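Structure, as structure tokens:
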Number of protein chains: 2
Amino acid sequence: MPASKRDQLLATAEQLFYEEGFHATGIDRIVAAAGVVRMTLYNHFASKEALVAAVLATRHERFMASLDTATASAVPGQVTRALVDAHGRWLEDHSPHGCIMVKAMGEFAEHSTEIHALAVAAKADLLARLEASLARDGLDHQDGLARQLFMVLEGSNTAVALQGTQTALADTQALTDTLLSVAQGKTE
Amino acid sequence: MPASKRDQLLATAEQLFYEEGFHATGIDRIVAAAGVVRMTLYNHFASKEALVAAVLATRHERFMASLDTATASAVPGQVTRALVDAHGRWLEDHSPHGCIMVKAMGEFAEHSTEIHALAVAAKADLLARLEASLARDGLDHQDGLARQLFMVLEGSNTAVALQGTQTALADTQALTDTLLSVAQGKTE
DNA sequence: CTTTATATAGACCGATCCATCTATATACGG
DNA sequence: CCGTATATAGATGGATCGGTCTATATAAAG
């Protein structure tokens, strides 16, 4: 079946919001690009803010699903590496110009508590996945290791945007390996 | 002497842009908050885009000066640590909600090549400072170490915004120490 | 055939956007 | 004292903003 108008709007809005910014993208631009009429948007979403929230929520779902798929089949000792690799593939495929949640936090911190909270929750989800992965790798004893790896992934977002996937993802992997090796050493 | 109108405008615009976003902050808001009339702004800046560029440029100057001051007096072997600490103090004092350059890249990538280039250049300056610091510490042999530390600092920006300075800066320091210790070990 | 849901076309609203204009006022330096 | 620079006050411009409205059209489900 063809994508519903609602899905067309979500996909179009996601692309425009990500590439051109939230406030800089008007409703008219979105409906025109989606090949849909103005009222159709307001039939599916109560407001622009609701549309933004829906875009972020659905994108985050896909992001989490891709991480979970990648780690599900990983063997113990390689779960965290699999997670970091999956994160890198996401950047490569869907997020080469910075993280949409970070952008949303920057644009809506003072304008929408709902959207800001949604972005913060998304980051908390990522940190939780790191903690779970470390646990499966037997590395959950080190206080702060999950947060340190989280910091690396956040930096990787910006590094990819500035230096390209080739360099940035190689650096991310090397950095992660160093951290995990040190952590492994402290265990034995 | 009291701050010039131009400086008042720069300071006010910097605060509003940083806290509320660039596109979300209108000219009227800025002039009202600065206690200045509309034409005064256009007497000093050709356009809103020029104002944004001036804000980013002056802020970046201050940022670089604070880094250089901190590293100038550092003893060899502690220069990079001093740089990372100075970066942390900057986040604490002036940038607790994310990096303004990252925000600018997100909002202007598709709208102003001048502003985008300015932000990219600012990030290149930071990376260059890391390379110079590592050289003074005798750690410039390790390929990619500067970029890895850069990645950590970029992640630190977001981590501070999400977890607060207390936790995030402690994690940043621990992470940096690990990386520098490993690099030091590889030298001997 | 008729009901219900969804989409279209397009006018309309007040608000705000960035930018420009003229005319007046203030203040400092030669 | 006079000229230049800077600031003020306030109107004005066209464009776009997010959001609402009505009337019409389509199509599937009863």
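Model, not experiment: these values are computed from the prediction. So that the names make sense, note that chain A is the first sequence line, chain B the second, and so on, each numbered from 1.
Of the side-chain N and O atoms in Thr40(B), none sit less than 4.0 angstrom from OP1 or OP2 of dT6(D).
Here dG19(D) presents its P atom at 15 Å from CG of Asn43(A), a figure rounded to the nearest Å. Atom P of nucleotide dC18(C) and atom CZ of Arg29(B) are separated by 12 Å, given to the nearest angstrom. Atom P of nucleotide dT16(C) and atom NZ of Lys48(B) are separated by 15 Å, given to the nearest angstrom. One can place CG of Leu41(A) at 15 Å from P of dT6(C), the figure rounded to the nearest angstrom.
A cation-pi arrangement is present between Lys103(A) and Tyr18(A) under the rule of less than 6.0 angstrom and at most 45 degrees off the ring axis.
Helical stems of DNA chain D (runs of at least 3 Watson-Crick or G-U pairs, donor-acceptor distances under 3.5 Å) are listed by first residue: C:1-17 with D:14-30, C:19-28 with D:3-12.
Within residues 16-25 of chain B, the residues approaching DNA chain C are Thr25(B), by heavy-atom distance under 4.0 Å.
Residue order along DNA chain D, read from the 5' end via each residue's closest nucleotide, puts Arg38(B) first among Arg38(B) and Asp28(A).
Judged as a salt bridge (charged side-chain N to carboxylate O under 4.0 Å, His left out), and not counting sequence neighbours, the contacts of Arg129(A) are Asp68(A).
Nearest to the side chain of Met39(B), among dG18(D), dG10(D), dT20(D), sits dG10(D).
Ring centroid separation for the pair His111(B) and His116(B) does not come in under the 6.0 Å cut-off.
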